[in-house]
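One structure below.
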Amino acid sequence: MAKQKKTRKKYRGFWIFFKVQLILLVLLAAATGYYFAGGYAQTIAELKADADMLTAKSKPDTFRKGETGLVYDAKGKLLKAYKGEKDSYYLEYKDIPKIVEQAFVAVEDRKFYKHKGVDYLAILRAVIAMLRNGEVTQGGSTITQQLSRTVFLSMDKTWERKMEEIFIAQNLEKKYTKSQIMEFYLNNIYFGNGYYGIQAAANGYFSKSIDKLDLSQTVFLCAIPNNPSLYDPVRHKKNTLSRRDRMLTAMHEQGVISLSEAKAAKEEKIKLKRKKGIQKNDYVETFVNYCAIRALMKQQGFEFQYYFDSASEEKKYNKDFKKVYRDCESSLYTSGYRIYTSLDMDQQAKLQEAINVGLEGFQDVNEEGVYKLQGAGVTIDNTTGYVTAIVGGRSQEFEGYTLNRAYQSFRQPGSAIKPLLVYTPMLERGYTPDTVVVDEPIEDGPSNANGAYEGPITLRHAVKKSKNTIAWKLLDELTPVTGLSYLKAMNFTKIDPEDERLPAALGGFTIGVSPLEMAAGFAALQNDGCYREPTCIVKIEDTQGNLIYTSEADEEMKKNKKDQAEGTRIYKSNASRTMTDMLQTVMQEGTASGLGLGDMPSAGKTGTTNDNKDGWFAGYTRYFTTSIWVGYDQPAELPGLMGATYPGNIWHNYMMSIHQKMTPMSFIPYIEQKEVKMDFLE
């Protein structure tokens with residue numbers, strides 16, 4: 001009986017094995033058929049042929065070259081050259097400290113000396129992830145593959161790019177020695193802030209050659225290339241130090257360094273010593289970089305998103321964003337792009353001067369020597385929607401990264417937000433400048449700036465005097481969610497769920513808004529209610545002059561054969577024109593009285609936060625929109641700071657200077673509607 005059971009188990013095991021093999025055979029046949037029938041065989045053959053050609057043509061000098069990118073202003077004048085320093089700092093293998101190579105092998109590619117260019121198990125994991133997610137979502141790249149991608153390929157996240165990367169890596173391993181591949185790799189990888197190659201990084205961050213750095217400093221540099229944005233030593237030094245420590249741990253575990261060496265290196269404090277005059281990122285440069293990287297990300301098909309339905313959705317987005325951003329940032333410095341911008345350097349100089357002069361009476365500085373009281377401003381061309389000038393702070397000479405408050409700082413907007421959040425939306429819903437509203441105390445509500453209440457007044461008067469009570473009541477009727485939806489539609493990026501409450505009517509936000517966002521919002525009012533994303537990038541060409549990116553505004557104007565870019569409708573046309581008319585009254589006899597531009601019609605709004613911590617002025621003519629912010633980087637009270645004082649005076653002086661030779665142009669009149677009476681007045 002026992003013998004029969006064993007026999008049955010034996011046959012059952014055989015049939016299970018047979019069925020599994022049969023299923024695998026069928027799947028293999030199906031996959032092979034799909035491979036050929038779907039045209040993949042032809043595509044892969046073409047990719048291999050291209051890879052063969054690229055590597056066949058390559059020679060050691062191929063890995064020394066880096067294209068110089070050029071940036072031009074609105075008048076075609078050269079603004080900047082993007083040039084990595086890998087040519088002037090190229091190191092031969094024998095001159096590269098062994099510890100550099102050991103650090104990268106320990107963390108990036110442990111099988112470097114064993115594989116033939118490709119780690120197939122890592123690739124298999126990446127393929128499985130691709131099939132699961134529908135795109136290439138994880139690496140699996142060896143050092144040789146990373147070199148292939150950096151030198152020969154684009155940033156596309158496709159299976160075709162990945163396949164060609166594999167073919168190139170295999171060919172490189174056949175053509176060059178491991179030592180050569182390591183030499184090419186360490187001289188081409190990106191270390192952030194324009195530095196390519198380990199020697200350029202050592203000189204850039206420590207003002208020393210790589211062989212003069214100790215273990216801790218060396219591994220600190222080796223921590224950067226994994227994600228040059230996240231591990232940027234200038235902006236995110238703590239992140240760089242954390243990765244350095246993880247790398248030191250890995251190196252100890254693999255026997256590269258001793259425990260005592262790892263411990264001592266982790267305890268060492270890293271002090272950067274950057275060369276003067278190198279990589280000074282001023283306000284123009286930082287904004288061009290920001291806009292150019294975003295343009296390249298769009299060219300890659302990346303879709304920007306600011307609000308999410310769940311934490312997991314946001315986490316996935318941020319992960320994808322970082323990957324694409326990192327690739328596009330790297331490409332910006334190596335691909336030889338010709339970048340054409342809308343920046344007017346005459347306006348730029350005048351805006352900088354207006355801010356400097358307007359705040360010259362405040363000379364106090366912080367521990368780093370930065371002026372405590374700061375200002376920022378942005379100008380937008382109302383015809384195209386392009387940014388023509390951007391100033392992120394007062395003029396000071398600093399090495400390295402400069403905070404550009406014009407788009408990187410977010411502050412409470414005060415009453416300057418009322419036209420965008422409250423008044424124009426309510427004008428869409430039947431209000432008119434002559435609608436009568438009641439200015440009166442509100443239980444648990446705000447008081448007016450002067451503490452006085454005037455009873456029944458017109459909506460025009462409420463806007464003119466910036467009545468807090470009226471804005472509060474109107475948002476209560478409109479609902480904060482609806483009001484904030486207008487800001488979200490115009491890519492105000494820091495609207496928090498906690499902002500969905502009535503204090504938002506007065507600019508009481510959790511985080512705040514940037515001068516760039518405010519300028520774009522007010523420009524939409526002038527543009528008949530249509531929003532255009534603020535950018536300074538008109539177009540980007542490759543080294544051969546081929547167009548690889550053109551802005552939405554440029555595409556729209558060419559398509560419609562017009563000089564005016566319409567954009568995306570946010571407000572109804574008549575509501576925007578009505579709001580503009582009311583904001584003209586603000587300039588003539590309201591809170592901005594005395595800040596007008598003479599014969600040039602202008603519209604604008606002041607904004608002041610509690611305790612005079614932030615002052616704003618946002619206003620426009622038919623020609624240009626400019627927003628100005630003044631305040632301390634660390635919010636603090638400034639007696640006398642109101643929208644009409646320092647910000648308003650800066651706005652007035654600057655706008656007068658850029659409109660001097662322009663013909664006065666009136667705003668488009670609005671169509672009068674019947675007066676309405678809303679529920680809260682009853």
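What's counted below: heavy atoms across the whole structure, side chains too, no hydrogens, waters or symmetry copies.
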Hey, would you say the His659 and Phe624 ring centroids sit under 6.0 Å apart?
-> yes
Thr286 and Asn404: side chain donor to acceptor below 3.5 Å = yes
Chi angles and distances behind the salt bridge (charged side-chain N to carboxylate O under 4.0 Å, His left out) call for Arg569, Asp528 | CA-CA 8 Å; Arg569 179 156 299 285; Asp528 259 5; 5.5 Å; no
Would you indicate whether Lys322, at its atom NZ, is surrounded by more than 12 heavy atoms from other residues, nucleotides or ligands within a distance under 6.0 Å?
-> no
Cation-pi between Arg577 and Phe667: NZ/CZ under 6.0 Å from ring centre and within 45° of the ring axis?
-> no
Quick one: does Leu351's side chain get under 4.5 Å of Ile658's, heavy atoms only?
-> no
Glu353, CD: over 12 other non-hydrogen atoms inside 6.0 angstrom | no
Counting N and O atoms only, with roles assigned by atom type, does the side chain of Asn366 sit under 3.5 Å from a partner on the main chain of Val370, one being a donor and the other an acceptor?
-> yes
Is the NZ or CZ atom of Lys372 positioned over Phe362's six-membered ring, under 6.0 angstrom from the centre and within 45° of the axis?
-> no
Can you tell me if Asn491 uses its side chain to pair, donor with acceptor, with the backbone of Glu533 under 3.5 Å?
-> no
Report yes if the side chains of Val513 and Arg411 come closer than 4.5 Å at any heavy-atom pair, otherwise no.
-> no
Pairs meeting criterion ring-ring contact (aromatic ring centres under 6.0 Å, His included) with involvement of residues 569-593, two or more places apart = Tyr486-Tyr571
For Glu498, look at atom CD and say whether over 12 heavy atoms of other residues, nucleotides or ligands are found less than 6.0 Å away.
-> no
Count the heavy atoms belonging to other residues, nucleotides or ligands that lie under 6.0 Å from CD of Gln363, then report whether that count exceeds 12.
-> yes
Would you please name every residue forming a side chain to side chain contact (heavy atoms under 4.5 Å, CB included) with Lys315, sequence neighbours left out?
-> none
Consider only side-chain N and O atoms of Thr580 and Tyr670, and report whether a donor and an acceptor are under 3.5 Å apart.
-> no
Taking NZ, NE, NH1 and NH2 as the nitrogens, is one of them in Asp320 or Lys316 under 4.0 Å from a carboxylate oxygen of the other?
-> yes
Are any non-hydrogen side-chain atoms of Tyr623 and Ser602 less than 4.5 angstrom apart?
-> no
Check for a donor-acceptor pair, side chain of Gln352 on one end and backbone N or O of Gln348 on the other, with a separation under 3.5 Å.
-> no
Sorted by chain and residue number, the salt bridge (charged side-chain N to carboxylate O under 4.0 Å, His left out) partners of Asp611 (sequence neighbours excluded) come out as none
List the atom pairs, with distances to 0.1 Å, where a side-chain N or O of residues 630-641 and a protein N or O form a donor-acceptor pair under 3.5 Å, not counting sequence neighbours.
unit_1 : atom_1 : unit_2 : atom_2 : d
Asp633 : OD1    : Arg405 : NE     : 2.7
Asp633 : OD2    : Arg405 : NE     : 3.3
Asp633 : OD2    : Arg405 : NH2    : 2.9

Only counting residues at least two apart or in another chain, list the ones meeting salt bridge (charged side-chain N to carboxylate O under 4.0 Å, His left out) with Lys418.
-> none
Let me see the working for Lys605 and Ser466 under side chain to side chain donor-acceptor pair (under 3.5 Å), right down to the final yes or no.
-> CA-CA 9 Å; Lys605 184 71 184 74; Ser466 195; 2.9 Å; yes
Parallel, tilted or perpendicular, as decided by the 30° and 60° cut-offs, for the rings of Phe302 and Tyr317 = tilted
Answer yes or no for Lys494 and Phe410: cation-pi contact, defined as NZ/CZ to six-membered ring centre under 6.0 Å and angle to ring axis within 45°.
-> yes
Quick check: are there more than 12 heavy atoms from other residues, nucleotides or ligands sitting under 6.0 Å from CG of Asp309?
-> no
Hey, does Thr432 have a side-chain heavy atom less than 4.5 Å from the side chain of Glu672?
-> no
Contact list for residues 503-525, test salt bridge (Lys or Arg N to Asp or Glu O under 4.0 Å), sequence neighbours left out | none
Could you tell me whether the side chain of Leu332 reaches within less than 4.5 Å of the side chain of Glu329, counting heavy atoms only?
-> no
